[in-house]
Amino acid sequence: MAKSVDDLASSEHQGSPDTADLVAREEQVFGENPLEVRESDHYTHEYVGGFVEKWDELIDWKKRYQSEGSFFIDQLKARGVRSVLDVATGTGFHSVRLLEEGFEAVSADGSPQMLAKAFSNGLTYGGHILRVVHADWRWLNRDVHGEYDAIVCLGNSFTHLFSERDRRKALAEFYAMLKHDGVLIIDQRNYDSILDSGFSTKHTYYYAGEDVSAEPDYIDEGLARFKYTFPDRSEFFLNMYPLRKNYMRRLMREVGFQRIDTYGDFQETYHDTEPDFFIHVAEKK
Ligand code: SAM
């Protein structure tokens with residue numbers, strides 16, 4: 001029987017055998033020197049195998065649902081948004097949420113394994129048939145058609161782009177796929193604080209899974225390598241680019257977004273060092 005997100009508990013959150021088969025084979029590969037892996041294409045080798053199956057343990061849908069509240073939904077509804085392109089679908093948390101709230105959602109991602117898991121989650125949690133599209137942000141217009149009122153890129157995803165050229169290209173593709181008065185919502189970890197003062201997180205938002213640790217393994221100005229450890233002692237890694245908040249805001253402005261509001265852990269006012277996450281809401285007009 002279909003469940004709603006509200007019914008979720010991480011222990012219930014199992015994929016179907018078909019999906020498990022699809023995603024379980026491949027393993028993460030970082031080669032001999034993982035600290036040299038600083039490439040925008042590498043994400044397709046990171047969201048594979050057991051990590052995809054474990055992702056929902058890491059982010060715990062039910063807790064995430066509670067901690068995010070209606071922040072994103074309110075932002076979209078306040079602007080009269082109807083159609084939303086979720087460009088970093090992952091395992092489908094926001095796509096399912098958007099469909100539940102009555103938005104027309106299209107779910108894109110560059111990882112086929114993530115999309116397979118998202119599709120199966122859509123069916124499991126609410127009986128939703130996700131409209132999934134396999135697309136890389138840098139060539140989004142090639143694979144996704146139409147114009148959208150809003151684009152969301154959530155869960156600290158944009159951090160996977162390692163060159164400024166790729167970041168500009170992706171933002172330009174997002175800009176082009178929005179209607180003239182469209183809005184882009186991108187979130188990111190507070191890397192300024194990690195780079196300048198070291199890592200601390202309350203684990204309140206996003207990475208809320210019990211007994212799952214997500215912590216930096218290595219940090220410099222060009223790489224934030226995070227290690228994720230699960231109760232069964234399995235370990236996975238993500239190599240990401242540590243985006244600074246004002247740099248990200250500047251890029252969005254330079255691509256053409258006219259107004260950018262940046263929230264800290266969903267609050268309008270905050271001290272820059274405090275939030276774990278920043279959320280940028282960028283308007284085209
Ligand atoms: N939004 C989901 C969430 O919050 O749980 C997933 C977040 S996960 C950290 C990042 C996602 O971005 C992955 O599913 C990955 O495949 C996708 N991704 C990373 N780089 C991408 C790119 N260049 N094009 C398309 N998808 C990309």
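Start at 1 and go down the list; that is how both ligands and their atoms are numbered. Given the structure is predicted, the values throughout are model-derived calculations rather than measurements.
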Student: If the cut-off is 4.0 Å to any non-hydrogen atom of L154, which atoms of ligand 1 fall inside it?
Tutor: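 Selected atoms, number and element: 1 (N), 2 (C), 4 (O), 7 (C).
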
Student: May I ask you to check whether F266 and F71 place their ring centres under 6.0 Å from each other?
Tutor: yes

Student: With atoms numbered from 1 as shown, which atoms in ligand 1 lie under 4.0 angstrom from a non-hydrogen atom of G155?
Tutor: 4 (O), 7 (C), 9 (C)

Student: Does W137 come within less than 4.0 Å of ligand 1, judged by its heavy atoms?
Tutor: yes

Student: Short list, please: which atoms of ligand 1 are under 4.0 Å from a heavy atom of G110?
Tutor: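 That gives atoms 25 (C), 26 (N) of ligand 1.
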
Student: Does Y148 have K179 sitting over its ring (NZ/CZ under 6.0 Å from centre, angle to axis within 45°)?
Tutor: no

Student: Using the benzene-type ring in the case of Trp, are the ring centres of Y241 and Y191 under 6.0 Å apart?
Tutor: no

Student: Looking at ligand 1, does any of its N/O atoms fall within less than 3.5 Å of an N/O of D109?
Tutor: yes

Student: Under a heavy-atom criterion of less than 4.0 Å, does A135 contact ligand 1?
Tutor: yes

Student: Side chains of N156 and Q188: donor-acceptor distance under 3.5 Å anywhere?
Tutor: no

Student: Of all heavy-atom pairs between D265 and E274, which one has the smallest distance, and what is that distance?
Tutor: OD2-O, 4.5 Å

Student: Parallel, tilted or perpendicular for F30 and H42, by the 30°/60° rule?
Tutor: tilted

Student: Under 4.0 Å from a heavy atom of H160: which atoms of ligand 1 are those, numbered in the order shown and with their elements?
Tutor: 19 (C), 20 (N)

Student: In terms of atom number and element, which parts of ligand 1 are under 4.0 angstrom from non-hydrogen atoms of S111?
Tutor: 16 (O)

Student: Hey, does T91 sit under 4.0 Å from ligand 1 if you only count heavy atoms?
Tutor: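 False for this residue.
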
Student: Considering distance alone, does some N or O of D136 sit under 3.5 Å from an N or O of ligand 1?
Tutor: yes

Student: I need the atoms of ligand 1 closer than 4.0 Å to a non-hydrogen atom of A88, numbered in the order shown.
Tutor: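 The list of qualifying atoms is 1 (N), 2 (C), 6 (C), 12 (O).
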
Student: Is it the case that K245 places NZ or CZ above or below the six-membered ring of F278, under 6.0 angstrom from the centre and within 45 degrees of the axis?
Tutor: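 Yes, K245 and F278 form such a contact.
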
Student: Can you tell me if R131 has over 12 outside heavy atoms packed within less than 6.0 Å of its CZ?
Tutor: no

Student: Looking only at heavy atoms of R64, does any of them come nearer than 4.0 Å to an atom of ligand 1?
Tutor: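 Contact present.
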
